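Since the structure comes first, as structure tokens, the remarks are kept for the end.
These numbers were taken from a predicted model, which means no experiment stands behind them. Naming convention: chains lettered A, B, ... in sequence-line order (proteins, then strands); numbering from 1 in each chain.
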Amino acid sequence: MTRGAAVRQASAMLDKTLSPAGFEPRLYQGWEESGAFTANPASGAAPFTIMIPPPNVTGSLHVGHALDVTIQDTLIRFRRMQGRDALWQPGTDHAGIATQMVVERLLAAEGKDRREMGREAFLDRVWQWKGESGGTITRQLRRMGASLDWSRERFTMDEGLSEAVREVFVTLHRQGLLYRDRRLVNWDVKFQTAISDLEVESKEVKGSLWHLRYPVEGQPGRFLVVATTRPETMLGDTAVAVNPEDDRFRDLVGKHVVLPLVGRRIPVVADAYSDPEKGSGAVKITPAHDFNDFEVGRRHDLPSPSVLDAEGRMTLAEIEGETRAEPGVADPAFLATLAGMERFEARKAILAELERLELIEKIEPHTHAVPHGDRSGVPIEPRLTWQWYVDAATLAKPAVEAVETGKTQFVPKQWENTFFAWMRDIQPWCVSRQLWWGHQIPAWYGPDGHIFVERTEAEALAAARARYGDDRELTRDPDVLDTWFSSGLWPFSTLGWPRQTPELARYYPGDVLVTGFDIIFFWVARMMMLGIHFMGEVPFKTVNIHGLVRDERGQKMSKSKGNVMDPLELADAYGADALRFTLASFAGPGRDVRLGRQKVESNRAFVTKLWNAARFCEMNGIAPDRSFDPMKASTPLARWIIDAGNAAIAEATAALEAYRLDDYAAALYRFTWGSFCDWFLELAKPALTGPDGVEKDEAKGAAQHVLGLILRLAHPVMPYVTEELWDRFGYGPEGSLIRTSWPEPVAVMGADAARAELNWLVGFISEVRTVRAEVNVPPSVTVPLLVQGASGETMARAARWIEPIRRMARATEVASHEGPAPAGVAQAVVGEATVMLPLEGVVDLAAERARLSKEHAKVEAEARKIAQKLANPDFTSRAKEEVVEETRERLAGAEAEAARLAAALSRIAA
RNA sequence: GGGCGCUUAGCUCAGCGGUAGAGCGCCUCGUUUACACCGAGGAUGCCGGGGGUUCGAAUCCCUCAGCGCCCACCA
């Protein structure tokens, strides 16, 4: 027992009402300061590792994090209690675009712009912001009770992780798996950076399909009609493609058309890409502004001028030499007005001009998917630029194989299909971003354009000297890396890689990664690829994928819908334990969690119930007693609850091992409330308040044993209240509950007999209660229970349990009764016996008759159904023998019960 | 266009070949010395529709419908 616990225990009884705010922060601080969260590489224990998905350093905790953290903390506490050397690695992510956006917004409010400030000043400002708000999320994780090893906290831009990033970049480059290329990228015109395919979101947009007439060269009056949704890109057209099989255009292949507005001669090419069914059957080819057109352009060796700049404005720079006046088709003066015009303004201007020239054949309404930047929300512009790419296809192969062979397993398994589908068709990963906040790419350009990819500037200069024979000035690539590039290294960079640290050897690979399905591609896939490539081993053995947290009606939470729930506010209102228990109990596999205040509120009742059960124990002088040996329990009550505790241990352990937190939560709830509170404590009351002796000793012994068991079983998901009670009661030699071992089942003597006896007792009391309630007997009326047709054992049991029966069934006595029924009787069938309650003057005989008839009809119908089944020769001959046997027993039981009910009915028929 | 998931009590969900379940809500009763954030009891289901496999289907297969999500070349 710790000194603190002893002082507290001596000082006060448990408060009548539970107030989590009174102990949660104190307990957390105690855990953290005592090193309870700290992994211990020197221990001989087997490690258990979870890497937290690093939240945005400047972010704050939302319900999704709360679910993520609850699952991870429950698992890590469970394994820690099982004796594993648990490492839950904390840290935060620099979140390139997101953070830069926030800081730029702050600057805008001050009337400043990052370009005016310059890169260095801007980065200083971001670091300053990180310093100011960087502690929020970690504070909030602590508030949730997360037992992260804060001594090892990392940040994706700290020196160690930056070194890992440079090492990976340089190595992949040397291996030819990372290269610079000029191709189309998804360009976000708002942030003016390239983004990866994954950061693009398709949105259905209602637009138009414009059919434009392109005059055929040398055939006045003949037009080739192309259909487009993006007329503004036509200035960059360098061909029109038709399908080689399409007879309508066969004669035009190899000829030229005149590009309206520009006046450029462009060829008509035959390409299977052109779909005769779509549009007009002829498609304009704009290689610099469309991914498909780019491919067509490559096949036909077409030029690819860009006509939109980084901001999405029209630019004529690359087509200047090609424009020419073409009467009735193109006018350089009009073209000049387009320069610098925003893309959608330009669309309008171009359409107006085409209209004027009578070059619009028709306009059809058209709904189509338009790619948008997932953060900026603006339409993405395919743009021809130089970027850095990772050869993801090569890296993906071993990752796919690792999942195929089960080295890494997804839970639930169905997500493996999602993973495979994406990984097997993976595209080169564009990793460069035209941002300032992030890991600057370790590439330097020589005066001749030669690229030096090196870990440091000094190494780059040295390489340049070797190449040029003298010192040259190098220019560093200004771009930074995709945030996911560094998060992809998280499972090993946090452990010290590229240095071969003891931690790296011990805690890699991790045991389980817990995350939402929304970042399987972004993050899980990248960790798999990079982890396997650089560590030679998968980064984690299991990937536990959970659903999204939604609101009560199943809607995604969003600020704009105003349905966002703040987990910290919920934790303050109901306690972190109640919130955690709620999240865990709804976290079924592959299911979204619908969270509502009411649910948290009703689960708080469970926490309170536990608190009150502990108070009851305290009031009855129940205290930890290590001299009590559960294996030597002799009373049926003690044996029964200890045995039920064994079952609870088995259920909870199996559920946690299978990542079924919903089952784990349900098992805890059932055992604590249903078995311990509703039955054990109630049945134990007479013994607890009765005379000294074995009954009392064992009631108390079993109570303290099982309460301790419940605290240990519940601790992973409800760490605070369980620790508080553990402390206050002074359980356990190790002091804190967090350091206590996970419970093991104990061998209980005579468990079967105890179970049979208690099952009978529970059934007996329940039946009597049902009858009393149904015929509306108030609890204040107590009556004798007259038992007819009972075996000797039943009567012996009734005698043994007479006190609890008196209390709980509101009875004066239990007696054999074989004569005629007393007047005004209400009856219940329990096993072989019929219990009669003499209630003359209290019971409504008609109501009792109706009740018994209904009961009788129900049992009889059941019996008929079973009899029918047994009458089927196919069933008796084909079904498994034990099933047939069981069915026969059920029939016998139902028939006997029906007979007893009929007898009971006949007794009051008169 | 391709793929995945879901559809079971009023609500939220479990069960996934052998007697349809839980929690909440609802109704009735209740100042039994832990708890009204409580106790006791009760009612409520063509287990989305149709077809098939099977002695037996909520459970397996096919099909249809509705809802949700992911992926996919903006003619």
Side-chain angles (χ1 to χ4, degrees), chain A residues 14 16-18 202 205 207 209-211 226-230 233 241 273-275 278-285 289-293 295 366 368-371 379-380 382 412 414-415 417-418 421-422 425 517-518 520-521 547-548 552 554 556 574 578 585-586 588 590-594 596 598-599 601-620 662-663 666 669-670 677-678 681-682 685 689 765-766 769-774 776-780 806-808 810 862 865-866 869 872-880 882-884 886-887 890 894:
Chain A
L14 295 176
K16 188 165 167 40
T17 53
L18 165 75
S202 270
V205 168
L209 187 59
W210 288 277
H211 291 248
V226 298
T228 181
T229 56
R230 300 213 52 196
T233 65
Y273 163 65
S274 181
D275 182 347
K278 279 189 185 169
S280 61
V283 58
K284 70 190 206 57
I285 301 299
H289 296 287
D290 182 283
F291 287 95
N292 290 305
D293 293 4
E295 293 305 316
H366 186 66
H368 56 124
V370 178
I380 285 304
Q414 81 229 23
W415 289 110
N417 293 328
T418 306
W422 191 67
D425 185 34
F517 57 78
D518 49 332
I520 290 178
F521 303 148
L548 246 51
E552 283 157 295
K556 217 166 166 172
Y574 304 106
S585 59
F586 286 102
R591 270 226 171 241
D592 287 347
V593 176
R594 292 197 188 188
Q598 251 187 12
K599 289 177 172 172
E601 200 175 323
S602 62
N603 279 125
R604 185 211 16 206
F606 176 52
V607 183
T608 308
K609 184 75 181 178
L610 176 59
W611 181 262
N612 281 311
R615 275 184 63 225
F616 173 80
C617 290
E618 187 185 46
M619 292 164 84
N620 282 278
D662 53 337
D663 288 348
Y669 192 101
R670 264 199 312 274
C677 293
D678 288 349
L681 289 181
E682 292 301 327
K685 275 177 183 174
T689 56
I765 293 172
S766 299
R769 279 172 166 175
T770 303
V771 174
R772 292 181 55 112
E774 293 241 304
N776 280 321
V777 183
S780 53
R806 280 194 175 127
R807 240 184 94 81
M808 298 172 74
R810 312 298 297 152
E862 173 74 13
K865 218 171 98 183
I866 305 171
K869 195 169 184 179
N872 180 356
D874 284 333
F875 173 68
T876 46
S877 63
R878 298 197 195 207
K880 274 179 292 191
E882 58 267 32
V883 173
V884 177
E886 200 184 291
T887 310
R890 265 177 45 220

Polar atom pairs between nucleotides 9-13 of chain B and protein, under 3.5 Å, N or O only, would you list them?
unit_1	atom_1	unit_2	atom_2	d
B:U12	OP1	A:Arg594	NH1	3.0
B:U12	O2'	A:Lys599	NZ	3.0
B:C13	O3'	A:Arg591	NE	3.3

For nucleotides 33-35 of chain B, tabulate all protein N/O to nucleotide N/O atom pairs closer than 3.5 Å, reporting atom names and distance.
unit_1	atom_1	unit_2	atom_2	d
B:A34	OP1	A:Lys685	NZ	3.4
B:A34	O2'	A:Asn612	OD1	3.4
B:A34	O2'	A:Arg615	NH1	2.9
B:A34	N7	A:Lys685	NZ	3.3
B:A34	N6	A:Cys677	O	3.4
B:A34	N6	A:Glu682	OE2	3.0
B:A34	N3	A:Asn612	O	3.1
B:A34	N3	A:Ala613	N	3.4
B:C35	OP1	A:Lys16	NZ	3.4
B:C35	O2'	A:Asn612	ND2	3.2
B:C35	O2	A:Lys609	NZ	2.9
B:C35	N3	A:Lys609	NZ	2.9

Quiz item: With sequence neighbours excluded, what pairs up with A:Phe586 under the ring pair (Phe, Tyr, Trp, His ring centres under 6.0 Å) test?
Solution: none
Practice problem: Mind checking side chain to side chain donor-acceptor pair (under 3.5 Å) for A:Arg670 and listing every partner two or more places apart, or none if nothing turns up? | Solution: A:Glu651
Collect all protein-nucleotide pairs involving nucleotides 41-45 of chain B in which both atoms are nitrogen or oxygen and the distance is under 3.5 Å.
none

Practice problem: Look at A:Tyr669 and B:A14 and indicate whether a side-chain polar atom (N or O) is within less than 4.0 Å of OP1 or OP2. | Solution: no
Self-check item: Consecutive-pair stems (3 or more, Watson-Crick or G-U, under 3.5 Å) for RNA chain B
Solution: B:1-7 with B:65-71, B:10-13 with B:21-24, B:26-30 with B:38-42, B:48-52 with B:60-64
Quiz item: Quick one: which of B:U32, B:U28, B:C24 gets closest to the side chain of A:Arg810?
Solution: B:U32
Quiz prompt | Pairing residues for A:Lys685 by the salt bridge (Lys or Arg N to Asp or Glu O under 4.0 Å) criterion, not counting sequence neighbours | solution = A:Glu682
Dump the pairs, protein N or O against N or O of nucleotides 70-75 of chain B, anything under 3.5 Å, distances to one decimal.
unit_1	atom_1	unit_2	atom_2	d
B:C73	O4'	A:Asn292	ND2	3.2
B:C73	O2'	A:Asn292	ND2	3.0
B:C73	O2	A:Asn292	ND2	3.1
B:C74	O4'	A:Ala369	O	3.3
B:C74	O2'	A:Thr229	OG1	2.3
B:C74	N4	A:Arg230	NH1	3.0
B:C74	N4	A:Ile380	O	3.2
B:A75	OP1	A:His366	NE2	2.9
B:A75	O2'	A:Ala227	O	2.9
B:A75	N6	A:Tyr273	O	3.1
B:A75	N6	A:Asp275	N	2.6
B:A75	N1	A:Asp275	N	3.1

Self-check item: Residues which pass side chain to side chain donor-acceptor pair (under 3.5 Å) with A:Asn292, listed by chain and number, not counting sequence neighbours
Solution: none
Practice problem: Find the distance A:Asn417:CG to B:G2:P and express it as a whole number of Å. | Solution: 17 Å
Quiz item: Which whole-number value in Å describes the distance from A:Tyr574 OH to B:C24 C1'?
Solution: 14 Å
Quiz item: What residues form a salt bridge (Lys or Arg N to Asp or Glu O under 4.0 Å) with A:Arg591, not counting sequence neighbours?
Solution: none
Self-check item: Contacts of A:Glu862 that satisfy salt bridge (Lys or Arg N to Asp or Glu O under 4.0 Å) - sequence neighbours left out
Solution: A:Arg890
Exercise. Kindly write out the residues that satisfy salt bridge (Lys or Arg N to Asp or Glu O under 4.0 Å) with A:Lys284, not counting sequence neighbours, or none if the list is empty.
Key: A:Asp237
